[in-house]
2 protein chains.
Amino acid sequence: MNRAQPAPAAESGDRRTQLVAAARHLLEAEGRDAVTIRRLGAAVGIRGPSIYKHVPDKAAIEDALTLTGFIEQAEALECVPATFSALARAYRTWALSHPHMHRLLNDRPLDRSALPPGLEDRAGAPLVVACGGDLALARAAWATIKGLVDLEIAARFPPGADIDAAYGAAARAYQGAGAAP
Amino acid sequence: MNRAQPAPAAESGDRRTQLVAAARHLLEAEGRDAVTIRRLGAAVGIRGPSIYKHVPDKAAIEDALTLTGFIEQAEALECVPATFSALARAYRTWALSHPHMHRLLNDRPLDRSALPPGLEDRAGAPLVVACGGDLALARAAWATIKGLVDLEIAARFPPGADIDAAYGAAARAYQGAGAAP
DNA sequence: ATGGTGGGGCTACCAGCGTTAGCCACAGCC
DNA sequence: GGCTGTGGCTAACGCTGGTAGCCCCACCAT
């Protein structure tokens with residue numbers, strides 16, 4: 001009907017990219033439930049079902065979102081010193097400023113095949129370095145940091161709890177076990 | 001009030017209890033998405049909308065479910081020695097045998113007002129004991145155990161990872177920091 | 001210049017979700 | 001005997017992800 005112009009709006013990259021960007025905005029601004037096929041369509045100026053001309057299903061958009069999230073998270077960890085405290089602080093800061101993204105990354109089971117090979121190792125590398133190459137210790141430290149952040153985001157610490165002190169206690173424990181402080 | 005007369009087949013307690021029990025079965029057997037108003041109705045022999053004669057909304061059922069989950073989890077931790085390793089093992093065993101319940105307990109923000117006062121402290125007490133009363137250390141240990149379990153349930157460890165070794169490394173770290181081994 | 005092809009929109013629609021409105025049958029009480 | 005409250009029911013609403021089928025238009029080959 002009204003689609004006579006070849007260039008509808010100003011610069012628009014390919015639709016798929018636009019959709020992922022729109023999904024990102026919706027996710028960060030209003031949470032996962034707000035990322036809806038019809039709202040995504042509205043955000044890029046099309047009608048909902050037309051989305052399926054560019055993407056097989058909603059999961060594909062979430063997968064793309066997940067990918068960018070993992071990359072950004074890895075980048076946030078790569079530019080701090082490889083010590084437990086610094087990595088914990090960087091992870092916590094990143095997660096608390098992108099809580100919905102953090103939930104998206106952690107709440108759904110990981111489809112490893114949708115991730116480029118190596119990304120997982122890259123994201124985990126700084127902590128392995130901080131743990132002097134001890135993989136088991138690094139995994140425990142990873143679980144600790146993620147657990148602390150999850151508990152904080154989910155408001156599971158009692159009101160008034162000294163969260164910094166919990167991070168400090170964890171840092172002391174892992175330092176004693178051989179991690180760089 | 002019609003007691004015992006029109007129930008065709010099943011004798012049972014009040015509907016609300018029945019509904020929560022049915023929700024429990026659905027959750028454990030098929031996961032959270034299977035817990036649906038209409039399916040809950042079918043499970044107790046009524047028609048979906050009739051559920052709202054017994055319960056204000058679906059969240060109330062999930063809250064009741066959450067409550068029983070927390071109680072059972074606390075019980076699972078109370079009958080083992082107050083050491084990091086024993087508590088971690090007990091928590092892991094409980095969570096891995098009720099993975100959907102575990103997700104329900106952890107994925108939604110905690111509505112503290114729906115929990116009886118004291119339950120939270122009761123659930124956390126064994127770990128505080130194991131940490132010699134050091135609250136900060138206990139919270140870090142709590143995050144570690146929960147984090148390890150979350151990662152395992154979400155299949156976030158690379159295939160072939162030695163998960164037991166990660167628990168062992170955590171145990172050593174917290175032991176070194178003053179927790180009972 | 002003409003015709004074929006296909007990309008990318010659209011509307012209509014489906015089943016299922018939580019939830020509401022309104023109707024009705026029956027038990028128990030006055 | 002009638003009133004009322006309880007607890008069923010069906011119909012329906014607005015939302016969800018997703019499918020079917022139509023149609024316009026750009027492009028390309030003849």
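So that the names make sense, note that chain A is the first sequence line, chain B the second, and so on, each numbered from 1.
Of the side-chain N and O atoms in B:Ser50, none sit less than 4.0 angstrom from OP1 or OP2 of D:dG7. Contact annotation: A:His54 does not reach the phosphate of C:dG7 (side-chain N/O to OP1 or OP2, under 4.0 Å).
Distance CG (A:Leu19) to C1' (C:dG8): 12 Å, rounded to an integer number of Å. Spacing between atom CD of B:Gln18 and atom C1' of D:dG8 amounts to 14 Å, rounded to whole angstrom units. One interatomic measurement links the two molecules: CD of B:Glu62 to C1' of C:dG18, which rounds to 11 Å at whole-angstrom precision. Between the P atom of C:dT19 and the CG atom of B:Leu40 lies a distance of 11 Å, rounded to the nearest Å. Distance CZ (B:Arg39) to P (C:dG18): 11 Å, rounded to an integer number of Å. When rounded to the nearest whole Å, the span between CZ of A:Arg32 and P of D:dT16 equals 15 Å. Following rounding to the nearest Å, A:Arg47 (CZ) and C:dA12 (C1') show an atom-to-atom distance of 13 Å. Rounded to an integer number of Å, the gap from A:Asp14 CG to C:dG9 P is 11 Å.
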Per-nucleotide protein contact string for nucleotides 17-22 of chain D, where B marks a base within reach and S marks sugar-phosphate only (heavy atoms under 4.0 Å, - for neither): BBB---
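The CZ atom of A:Phe70 sits 14.0 Å away from atom CD of A:Glu75, with the distance rounded to the nearest 0.5 Å.
Between the A:Thr83 side chain and the A:Ala86 main chain, a donor and an acceptor come within less than 3.5 Å of each other.
Within the structure, every pair that satisfies the salt bridge (Lys or Arg N to Asp or Glu O under 4.0 Å) test and touches residues 46-72 of chain B, not counting sequence neighbours, is listed here: B:Arg24-B:Glu72, B:Arg32-B:Glu62, B:Glu62-B:Arg108, B:Asp63-B:Arg108.
In summary, B:Glu152 and A:Arg139 do not engage in a salt bridge, as defined by a charged side-chain N under 4.0 Å from a carboxylate O. Ion pairing between a basic and an acidic side chain is recognised when a charged N comes within 4.0 Å of a carboxylate O; A:Arg92 and A:Asp164 show such pairing.
A ring-ring contact (aromatic ring centres under 6.0 Å, His included) with B:Tyr174 is found for exactly one of B:Tyr167, B:Trp142, B:Phe84, namely B:Phe84.
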